[in-house]
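Here's the structure, in structure tokens; my notes come after.
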Amino acid sequence: MARVILTAVWLALMTGCASVERLAIPPADLIDDDLSKVGAEPEPDHQVWDRFLKTYLVVDSQGVGRVAYADVTPGDKSDLESYIASLSDMDATQWSRDAQLAYWSNLYNATTVLVILDHYPVDSIRSIKDGVFDLGPWEEKRLLVDGRSLSLHDIEHGIVRPLWSDTPEVHYLLNCAAVGCPTLVDYAYTADNIRTAQDTNARSFINSSRGVNVTDGGRLELSKIYLWYLNDYGGSLG
């Protein structure tokens, strides 16, 4: 009887609407008057990240951008660390909205790549955890940005999604280092290209089997992104 109950619980967890991978998403409570400000200062220099992507990103036959982690030199890893550290010392509110979105997206993606490099070789980013119940590296407060201690989850769910709540395309800018995520592109985001990039990334993902797929039997299969963030995409599957 106990085994039957445990099996039922397990199936409920596996098939429920909320994926276990998203149970630990923090509340979107990081936005305050300070983070909502907009300035007119020149945006930061993203050339280091741009050069890294152009050097190490390889697009496979499925159109997925994969980082050649094994080829990254110690010098280029050091440059990446310095780039992330330099962004962490900046106040994003001094730039335009587009520059801010480019900043947070680049910081998120570069930090995710650095997490993999710090643990390489590793089969999956989900393997980088401190214990059995740890869901991965997204919750660790690994960044100190303008005096705020932030995790990758904080950036995505506490800053980017709330500040750009009217723009669900932001999901296509952030890469979680998994094949099922929207892919990395081989250039850094800037204020000038961020809007075009999010539209291009969205079209690329939706038109790939990772985003939307129709089986031979005519069944429509959608990426979990559209379930996890159902409210961002209209709040209904109908």
Write down the atom of Thr183, the atom of Val64, and the distance for their closest heavy-atom approach.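 Distance-wise, the nearest heavy atoms are OG1-C, 3.5 Å.
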Where do Ser96 and Val38 come nearest, in terms of heavy atoms and distance? CA-CG1, 3.8 Å
I need the [X] [atom1] to [Y] [atom2] distance, nearest 0.5 Å.
X	Y	atom1	atom2	result
Asn193	Asp98	CG	CG	9.5 Å
Arg142	Asp154	CZ	CG	11.5 Å
Trp104	Ile194	CH2	CD1	13.5 Å
Leu222	Arg210	CG	CZ	14.0 Å
Thr111	Tyr83	OG1	OH	9.0 Å
Leu143	Ser88	CG	OG	5.0 Å

Whether the Thr190 and Asp192 side chains hold a donor-acceptor pair (N or O, under 3.5 Å, no angle test) is what I'd like checked. no
Does [X] reach the side chain of [Y], with side-chain heavy atoms less than 4.5 Å apart?
X	Y	value
Trp95	Lys37	no
Tyr187	Leu53	no
Asn213	Leu220	no

Looking at Arg66 and Asp60, is any side-chain nitrogen of the basic one under 4.0 Å from a carboxylate oxygen of the acidic one?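 Yes, charged N to carboxylate O under 4.0 Å.
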Answer yes when Asp199 and Arg203 have at least one side-chain N-carboxylate O distance shorter than 4.0 Å, and no when they do not. no
Would Ile84 and Leu144 show up in the same hydrophobic cluster when neighbours are defined by side-chain heavy atoms closer than 4.5 Å? no
Tyr120-Val113 co-clustered via ILVMFWY side chain contacts under 4.5 Å: yes
Would you say the side-chain atoms of Asn201 pair up with the backbone N or O of Tyr172, donor to acceptor, closer than 3.5 Å? yes
Are any side-chain N or O atoms of Tyr69 and backbone N or O atoms of Pro121, one a donor and one an acceptor, separated by less than 3.5 Å?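 A pair under 3.5 Å: no.
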Arg51 vs Asp76, salt bridge (Lys or Arg N to Asp or Glu O under 4.0 Å): CA-CA, chis, key distance, verdict: CA-CA 9 Å; Arg51 183 170 62 252; Asp76 285 342; 5.5 Å; no
Relative to each other, are the rings of Trp49 and Phe52 parallel, tilted or perpendicular (30° and 60° limits)?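 The rings of Trp49 and Phe52 lie parallel, inter-plane angle below 30°.
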Carefully, step by step, assess Tyr229 and His171 under the rule ring pair (Phe, Tyr, Trp, His ring centres under 6.0 Å). CA-CA 9 Å; Tyr229 309 119; His171 288 293; 4.2 Å; yes
